[in-house]
**Student:** 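The structure is given below, and queries will be raised subsequently.
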There are 2 protein chains.
Amino acid sequence: MNSSEFLKLENQLCFSLYASSRAITRMYRPFLEELGITYPQYLVLLVLWEQKESTVKELSEKLDLDSGTLTPMLKRMEAQKLLVRNRSQEDERVVLIRITEAGLALHDQALCIPQTLFAASGLSAEEIANFNAQLKRIITSVNASM
Amino acid sequence: MNSSEFLKLENQLCFSLYASSRAITRMYRPFLEELGITYPQYLVLLVLWEQKESTVKELSEKLDLDSGTLTPMLKRMEAQKLLVRNRSQEDERVVLIRITEAGLALHDQALCIPQTLFAASGLSAEEIANFNAQLKRIITSVNASM
DNA sequence: AGCAAATCGATTGTTCACAATATGACGGAG
DNA sequence: CTCCGTCATATTGTGAACAATCGATTTGCT
């Protein structure tokens with residue numbers, strides 16, 4: 001593989017990741033739309049379904065999104081009554097995010113979505129597991145070097 | 001692997017793709033910033049560096065972006081003198097996109113970017129090639145089913 | 001020729017994504 | 001106790017993404 005071919009390959013890989021990420025949110029969109037949420041909002045809910053309460057900082061770290069993205073998004077979700085935002089009593093810098101009953105109620109409705117998409121994808125569980133492991137290695141390697 | 005574990009895995013995989021896509025644009029950003037362009041604009045230039053002239057429709061197909069994304073982006077790039085937009089004479093519905101000298105001039109400056117990022121990534125050429133092949137299989141499989 | 005359907009791109013409106021900056025709150029050094 | 005640096009979040013501004021819709025053109029069918 002010469003240098004020029006390799007550059008093309010790397011560009012292709014980066015493009016593939018970019019394109020596949022958008023393809024996934026497109027796959028989720030019609031299903032999430034029925035719940036009135038978007039894919040990034042679904043990611044927030046995935047966290048809150050597990051631990052019910054979090055902070056902007058914690059969500060920022062887990063989802064790798066900054067406050068400029070999260071603050072307006074969490075406000076929209078609060079307007080939809082999916083969660084509540086409150087300043088912490090102990091440390092007024094911290095904003096606590098707590099899921100509501102309405103937010104919890106979406107969990108049951110959302111459960112079938114990954115199953116449906118998995119079935120539609122035509123991939124095997126093994127392929128997904130292997131690919132996930134490999135992607136994690138790549139991400140770790142890239143992050144470690146920066 | 002039980003059902004619940006599997007759902008978590010699929011959610012993880014989708015999130016990993018989403019996060020890695022953003023990580024890549026962040027890696028490119030400081031380098032592309034020196035050229036005054038963004039990652040999606042770089043993708044447009046990758047096409048135009050190869051064929052010099054294209055159309056909105058062709059770019060839309062190659063990059064998997066719709067006119068609502070491309071039209072304003074191409075206008076910004078035209079404002080930067082990187083390309084020109086003109087209605088086709090033969091078919092007035094078609095807008096021809098042609099790269100300018102200034103746009104071509106960025107090619108040389110951009111050449112070193114993938115090399116630099118590759119070196120920084122700590123990955124081997126083989127890992128990248130294998131991963132690229134696997135990602136393409138996944139995308140093909142997912143797209144075929146929709 | 002004449003009209004319906006398809007094509008191409010632009011527009012509008014909403015939601016991310018993120019850099020840069022601002023604001024207020026905490027916490028430690030002196 | 002006070003100043004000062006750090007921390008957590010909010011705000012502003014720019015640039016994607018994309019659904020929905022529109023306007024103009026072309027093509028196909030009768």
Side-chain angles (χ1 to χ4, degrees), chain A residues 15 17-45 54-80 82 85-97, chain B residues 15 18-45 54-61 63-80 82 85-97:
Chain A
F15 173 71
L17 285 169
Y18 163 80
S20 63
S21 171
R22 289 185 296 113
I24 282 176
T25 76
R26 270 199 299 275
M27 280 184 65
Y28 272 88
R29 187 186 310 273
F31 299 95
L32 294 177
E33 209 159 62
E34 290 178 28
L35 311 189
I37 59 177
T38 64
Y39 185 70
Q41 292 173 7
Y42 170 73
L43 296 176
V44 168
L45 290 178
S54 185
T55 65
V56 173
K57 178 176 170 51
E58 189 184 17
L59 289 171
S60 169
E61 285 165 353
K62 290 200 173 186
L63 305 180
D64 193 24
L65 292 168
D66 77 355
S67 71
T69 301
L70 283 173
T71 297
M73 189 167 120
L74 293 170
K75 281 184 178 177
R76 283 188 292 271
M77 294 175 79
E78 187 179 36
Q80 291 181 263
L82 299 178
R85 305 181 322 129
N86 289 109
R87 290 276 166 187
S88 163
Q89 300 287 327
E90 300 91 50
D91 186 340
E92 292 241 349
R93 293 171 304 181
V94 173
V95 171
L96 298 172
I97 307 297
Chain B
F15 172 70
Y18 162 79
S20 62
S21 171
R22 290 185 295 112
I24 281 176
T25 76
R26 271 200 299 275
M27 280 184 65
Y28 272 89
R29 188 187 307 275
F31 298 95
L32 294 177
E33 209 159 62
E34 291 178 28
L35 311 190
I37 59 177
T38 64
Y39 185 70
Q41 292 172 8
Y42 170 73
L43 295 176
V44 168
L45 289 179
S54 185
T55 66
V56 173
K57 177 176 169 53
E58 189 183 19
L59 290 171
S60 169
E61 284 165 354
L63 304 180
D64 193 23
L65 292 169
D66 77 357
S67 71
T69 301
L70 283 173
T71 297
M73 191 167 116
L74 293 170
K75 282 184 178 177
R76 283 188 291 272
M77 294 176 80
E78 186 179 37
Q80 290 182 264
L82 299 177
R85 304 182 320 130
N86 289 109
R87 289 275 165 187
S88 163
Q89 301 287 328
E90 299 91 50
D91 186 340
E92 292 245 348
R93 293 170 305 179
V94 173
V95 169
L96 298 173
I97 307 296

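The structure presented is a predicted model; accordingly, all values stated were derived computationally and were not measured. Here is how names work: the chains are called A, B, and so on, in the same order as the sequence lines, proteins then strands, and each is numbered from 1.
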**Student:** What is the separation between atom CE on B:Met77 and atom P on D:dG15, rounded to the nearest whole Å?
**Tutor:** 12 Å
**Student:** Taking atom CG of A:Leu32 and atom CG of A:Leu45, what is their separation to the nearest 0.5 Å?
**Tutor:** 9.5 Å
**Student:** Want to settle it: does A:Leu65 or A:Ser88 sit nearer the 5' end of DNA chain C, counting the closest nucleotide to each?
**Tutor:**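 Looking at DNA chain C, the more 5' nearest nucleotide goes with A:Leu65.
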**Student:** So which heavy atom on B:Leu63 is nearest to which on A:Arg22, and how close?
**Tutor:**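 Taking B:Leu63 first and A:Arg22 second, the nearest heavy atoms are O-NH2, 3.0 Å.
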**Student:** Could you encode protein contacts along nucleotides 8-15 of chain C as a string, one character per nucleotide from 5' to 3', using B for base contact, S for sugar-phosphate-only contact and - for no contact, with a heavy-atom cut-off of under 4.0 Å?
**Tutor:** SSBB---S
**Student:** Mind checking the CG-NZ spacing from B:Leu70 to B:Lys75? Nearest 0.5 Å is all I need.
**Tutor:** 12.5 Å
**Student:** Quick one: does NZ or CZ of A:Arg26 land under 6.0 Å from the six-membered ring centre of A:Tyr28, within 45 degrees of the ring axis?
**Tutor:**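 Not satisfied by the 6.0 Å and 45° rule.
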**Student:** Expressed in angstrom and rounded to an integer, what is the separation of B:Tyr39 atom OH from D:dA16 atom P?
**Tutor:** 13 Å
**Student:** What integer distance in Å separates A:Leu63:CG from D:dT9:P?
**Tutor:** 13 Å
**Student:** Is it the case that the side chain of A:Ser60 and the backbone of A:Leu65 share a donor-acceptor pair, with hydrogens and angles ignored and the cut-off at 3.5 Å?
**Tutor:**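 It does hold such a pair.
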**Student:** Using a 4.0 Å heavy-atom cut-off, does A:Glu33 contact any base of the nucleic acid, only the sugar-phosphate backbone, or nothing at all?
**Tutor:** nothing
**Student:** Between atom CD in B:Glu92 and atom P in D:dT25, what is the gap in whole Å?
**Tutor:** 6 Å
**Student:** Expressed in angstrom and rounded to an integer, what is the separation of B:Leu43 atom CG from D:dG15 atom C1'?
**Tutor:** 14 Å
**Student:** Specify the separation, in whole Å, of atom CZ of A:Arg22 and atom C1' of C:dC16.
**Tutor:**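 The distance from CZ of A:Arg22 to C1' of C:dC16 comes to 13 Å, rounded to the nearest Å.
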**Student:** Figure out the CD/P separation between A:Gln89 and C:dC26, and round it to whole Å.
**Tutor:** 11 Å
**Student:** Tell me whether the guanidinium CZ or amine NZ of B:Arg29 lies under 6.0 angstrom from the six-membered ring centre of B:Phe31 and within 45° of its axis.
**Tutor:** no
**Student:** What is the distance, rounded to the nearest whole Å, between atom CG of B:Asp66 and atom C1' of C:dT7?
**Tutor:**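 To the nearest whole Å, that distance equals 15 Å.
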